[in-house]
Amino acid sequence: MQIPFLDLSHPEAPWTEQLEQVASDVIRSGRYLHGQHTEKLEERLRNLYGTKEAICVSNGLDALRLIITSYLRLGRLKRGDKVAVPANTYIASVLPITEFGLVPLFIDVRPDSRNMDLDLLKNKLTSEVKAVMLVHLYGNPVWNAELMNQLHERGIIIIEDNAQAIGAVASSPGFNDKSNTGGLGDASATSFYPTKNIGALGDAGAVATSDPQLANMIRTLANYGSDYRYHNIEEGYNCRIDELQAAFINVKLDYLTQITNERRHTATLYTENITNNHVRVPAIDKESRQVWHQYVISSPARNQLSNYLRANGIGTDIHYPVPPYQQPCYAGRYVIDCPVTDRLSNEILSLPIASVTDAQAGYIIETINRFSPDSVCS
Ligand SMILES: *Cc1c(COP(=O)(O)O)cnc(C)c1O
């Protein structure tokens, strides 16, 4: 059996004809930016996240950049402020912090959730920390309502990088409220990069917030800093979403529950049936709703395992092989102690999780369960 890590052409995808139809509609409409598809998508995102505002933008990184620079321009953050960010994340969570002269405070992750260790965060909070960037990595919510209330009492801004977690629902011990990630903090960024759970056919992203002042600044900055036509009150950018991408995303959003349930089903099969002692599987959290952007196992024999799986026709990937603070662009800038993230970067392996049939999952499980580190050479 040959199972690629990810096949974006989704030969059996139910939405292909609808995508062709809306593409044709947009082509014939003559309206390619700021049209009805973008408006509709913003409304749907407001409803999904329970926020007062949603602003569609060019991509997830720009969504984060707009959030950070808007807080600076509004005077609510200033250069040199520290922003806590998980050590284990994609570099796009960190770039907007450093780009605008803020200082990342890398917080190590928990070995089980691979998300920011909120107890560590609590211990590392000093008066210099003015914002926390929560990343719901792999589609797993990271949230603690009590701690977040404490952060707010101290005036600390909570930004969510929800790039991997659209549709996820967080829960927190002792609190009955369950809320969608992306609507938990002060502002969130969503990515519609093609491989994300809801992927555009190109780049797109969104900001969600219930802060009207922030939303206003973001809308202005994303459109050349213009409040009305040919009138520029800020040195802005062009971070608009294409009407075509908004139309595609609206089609895919109808399938959010289905896409999520399929991933949750496959993740449950993996977690319940992978029994190899050399492999650690991620836990299924019964309280929150994980959306499994990635299904990430770990093994001290990771490289042997990935070679063995490839030899057996199974594609895998690593998210991420090098933590952001060890990237060459930050060479020598961060001497930090994040042993869990360091270890994970050598041990983690992502299995196929998008559009995986039960037969494919069964083959993957059986193949992994037969793996023994000494039986292959890497
Ligand atoms: C994909 C991703 C981003 C960036 O989104 P783009 O749309 O690719 O710019 C940011 N953060 C995380 C955690 C991501 O996975």
Side-chain angles (χ1 to χ4, degrees), residues 5-6 8 38 41 45 54-69 83-100 104 106-107 109 113-116 131-143 158-168 170 181-182 184-185 187-208 218 222 237-242 244-246 248-249 252-253 263 290-296 317-325 327 329 341 344-345 348 350 353-354:
F5 176 67
L6 179 65
L8 280 181
T38 300
L41 178 55
L45 292 173
I55 305 120
C56 289
V57 296
S58 34
N59 57 63
L61 176 61
D62 280 350
L64 287 170
R65 295 175 68 232
L66 286 163
I67 292 169
I68 299 261
T69 189
V83 181
V85 61
N88 181 38
T89 186
Y90 184 52
I91 195 162
S93 314
V94 184
L95 290 172
I97 299 173
T98 59
E99 175 184 358
F100 295 106
F106 292 102
I107 309 288
V109 297
S113 69
R114 288 81 169 257
N115 267 329
M116 184 189 278
V132 174
M133 169 95 68
L134 294 175
V135 185
H136 307 291
L137 200 71
Y138 311 142
N140 293 339
V142 55
W143 187 246
I158 300 168
I159 301 166
E160 293 176 83
D161 179 342
N162 201 42
Q164 302 191 358
I166 190 166
T181 64
L184 298 165
S188 75
T190 300
S191 166
F192 299 107
Y193 180 73
T195 66
K196 299 286 156 76
N197 288 24
I198 297 295
L201 278 62
D203 276 314
V207 176
I218 287 171
Y237 314 97
N238 172 357
C239 298
R240 292 179 299 234
I241 189 173
D242 289 343
L244 197 51
Q245 297 305 341
F248 290 148
I249 294 161
K252 291 263 198 96
L253 261 188
R263 285 173 182 257
Q290 298 156 291
V291 298
W292 301 103
H293 174 59
Q294 301 297 353
Y295 183 91
V296 179
D317 204 340
I318 299 170
H319 300 92
Y320 297 90
V322 181
Y325 52 87
Q327 291 292 347
C329 65
T341 299
L344 283 176
S345 65
I348 48 181
S350 306
I353 189 68

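Here the structure is a predicted model, which is why all the values come from computation and not from measurement. Every number for a ligand or one of its atoms is a count from 1 in the order of the listing. Values below: every heavy atom of this structure, side chains too, minus hydrogens, waters and symmetry copies.
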*Contact atoms of ligand 1, heavy-atom distance to Ala163 under 4.0 Å*: 2 (C), 3 (C), 10 (C), 11 (N), 12 (C), 14 (C), 15 (O)
*Ligand-side contact atoms (ligand 1) for residue partner Gly60, heavy atom cut-off under 4.0 Å*: 5 (O), 6 (P), 7 (O), 9 (O)
*Is the closest side-chain heavy-atom distance between Ile166 and Lys196 below 4.5 Å?*
no
*Can you find an N/O atom of Thr89 closer than 3.5 Å to an N/O atom of ligand 1?*
no
*So which heavy atom in the protein is nearest atom 5 (O) of ligand 1, and how far is it from that ligand atom?*
Ser191 OG, 3.2 Å
_Protein residue, atom and distance nearest to atom 15 (O) of ligand 1, heavy-atom basis_ = Gln164 NE2, 2.8 Å
*Where on His293 is there a heavy atom closer than 4.0 Å to ligand 1, on the side chain, on the backbone, on both, or on neither?*
neither
*When you look at Asn162 and Ser188, which way does the side chain to side chain donor-acceptor pair (under 3.5 Å) test go after all the steps?*
CA-CA 6 Å; Asn162 201 42; Ser188 75; 5.4 Å; no
*asked:* Ser350 vs His319, test: side chain to side chain donor-acceptor pair (under 3.5 Å). Steps then yes/no.
replied: CA-CA 7 Å; Ser350 306; His319 300 92; 2.7 Å; yes
*Short question: side chain of Asn59, backbone of Leu61 - any donor-acceptor pair under 3.5 Å?*
yes
*Atoms in ligand 1 flagged as close to Leu61, the criterion being non-hydrogen separation under 4.0 Å*: 4 (C), 5 (O), 6 (P), 9 (O)
*By number and element, which atoms of ligand 1 are closer than 4.0 Å to a non-hydrogen atom of Ala92?*
3 (C), 4 (C), 10 (C), 11 (N)
*asked:* Closer than 3.5 angstrom, by distance alone: can the side chain of Asn140 be matched with the main-chain N or O of Asn115 as a donor-acceptor pair?
replied: no
*If you measure from each non-hydrogen atom of Asp161 to ligand 1, which part falls under 4.0 Å: side chain, backbone, both or neither?*
side chain
*Tyr320 atom OH, neighbour heavy-atom count above 12 within 6.0 Å*: yes
*Could you list the atoms of ligand 1 found under 4.0 angstrom from a heavy atom of Lys196?*
1 (C), 2 (C), 3 (C), 5 (O), 14 (C), 15 (O)
